[in-house]
Amino acid sequence: MSETRAPLFVCGATASGKTAYALRLAKELDGEIVNGDAFQLFRGIEVLSAAPDDHEKSTFPHHLFGLLEPGEKCDAGRYHEMAIPVISEIQSRGKIPIVVGGSGLYLKFLTHGPSPLPKGDAKLREQMEARALGDLIAELEKIDPVEARRVNRANKRYVTRSLEICLLTGQKVSELRDGWHSKTKELESSLRGVWLIRDRGDLHERIAVRTRQMLQGGAVEEVAGLAGIHGNWEKAIGVKEIRQYVSGEISLQQCEELVVVATRQYAKRQETWFRREKWLKQVVI
RNA sequence: GGCUCGAUAGCUCAGUUGGUAGAGCAGCGGAUUGAAAAUCCGCGUGUCGCUGGUUCGAUCCCGGCUCGAGCCA
């Protein structure tokens with residue numbers, strides 16, 4: 001794997017202009033685009049997830065877009081498994097993989113590698129979901145007191161995950177995680193990537209415009225068309241709001257306002273994530 | 001024209017028997033290696049409409065004015 005063909009990461013908040021930036025890079029560096037977005041993996045929600053359109057995709061090879069059925073399950077680990085062979089295949093052809101996306105956790109699996117922790121167990125999670133938070137914390141306390149102190153106890157999902165790992169491995173999560181974290185630190189000097197930063201007001205404006213285009217450009221039809229199909233895709237911003245609109249609970253204008261707000265909040269969380277990735281080169285647009 | 005009610009944070013409103021005020025939402029900040037566009041945590045940002053009066057002290061009480069809603073003419 002030649003150094004010059006190492007993947008280049010293009011990160012940034014939603015609506016910051018990653019797609020356009022990546023296409024320019026692809027042209028400049030003779031690269032190919034690899035999706036780094038958790039929701040653009042799914043087929044049938046291209047508009048809702050702001051995936052690149054056919055015209056954009058026609059200029060350079062695009063990988064990992066719309067390859068999952070809407071009903072399929074996915075997680076950061078599966079994404080990693082799918083992306084690694086695609087990236088090496090691009091490199092083997094002498095091209096540079098340009099990974100574009102805003103899903104911090106998914107990208108981190110690519111940049112830092114997956115931890116040796118076991119993947120989620122749906123059945124176990126269902127059981128734990130039914131239990132009280134205090135009960136889960138008490139059990140975690142018995143198995144791994146260090147983790148019980150360290151985990152965000154207010155976040156049932158994180159407590160559940162910690163306990164899940166203990167139960168599946170018979171080991172202490174805290175020790176498993178510590179070992180892995182210490183190993184990934186030195187990796188960062190070899191990573192290449194940019195974080196596209198846009199002025200907050202400008203970003204909000206772009207979110208407002210894009211949300212309107214999305215709702216008028218087919219997102220409502222996409223959501224309506226997938227009625228009855230359950231899976232990860234339903235957690236995309238806009239699904240809940242569009243369903244409320246379709247059922248007549250709220251007006252289209254209210255729907256638009258709610259989606260805009262949710263998108264702005266998401267963009268802020270993304271910036272918090274990328275701010276922590278010190279290896280990313282900041283590019284102010 | 002008369003009467004009544006309202007005017008407090010970006011928005012919707014609560015409150016102060018007179019000691020310069022607080023909720024929700026928005027906003028801002030943070031956490032986050034296998035659900036992540038998820039999930040969770042922290043932070044109040046204010047000429048209390050304007051103007052006189054009473055008072056040691058007024059956002060609160062009294063008068064006037066402005067704006068808004070309603071009722072009566």
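Numbered from 1 within each chain, the chains take letters A, B, ... in sequence-line order.
A donor-acceptor contact closer than 3.5 angstrom is absent between the side chains of A/Glu241 and A/Tyr245. Side-chain N/O atoms of A/Arg210 and A/Thr14 include a donor and acceptor closer than 3.5 Å. If you check the side chains of A/Ser247 and A/Glu249, you find a donor sitting under 3.5 Å from an acceptor.
Here the side chain of A/Ala38 is nearest to one of B/A37, B/G29, B/A26, namely B/A37. Set against B/G34, B/C41, B/A37, the side chain of A/Phe39 has B/A37 as its closest nucleotide. Side-chain atoms of A/Asn155 lie closest to B/U39 of the nucleotides B/G27, B/U39, B/G34. Among the nucleotides B/C28, B/G34, B/A35, the one closest to any side-chain atom of A/Ile165 is B/G34. Ranking B/G34, B/A36, B/A31 by closeness to the A/Thr272 side chain, first place goes to B/A31.
Straight-line distance from the CG atom of A/Asn232 to the C1' atom of B/U39: 14 Å, rounded to whole Å.
Across all strands shown, nothing is found opposite B/U47 as a Watson-Crick or G-U wobble partner with both distances under 3.5 Å. In a base pair of the Watson-Crick type (N1 to N3 plus N6-O4 or O6-N4) or a G-U wobble (N1-O2 and O6-N3), with each distance short of 3.5 Å, B/A31 is matched with B/U39.
Among the atoms of the strands shown, base atoms are found under 4.0 Å from some heavy atom of A/Lys268.
Checking the phosphate oxygens (OP1, OP2) of B/A37, no side-chain nitrogen or oxygen of A/Gln270 falls inside 4.0 Å.
A side-chain donor-acceptor contact under 3.5 Å links A/Arg153 to the backbone of A/Ala148.
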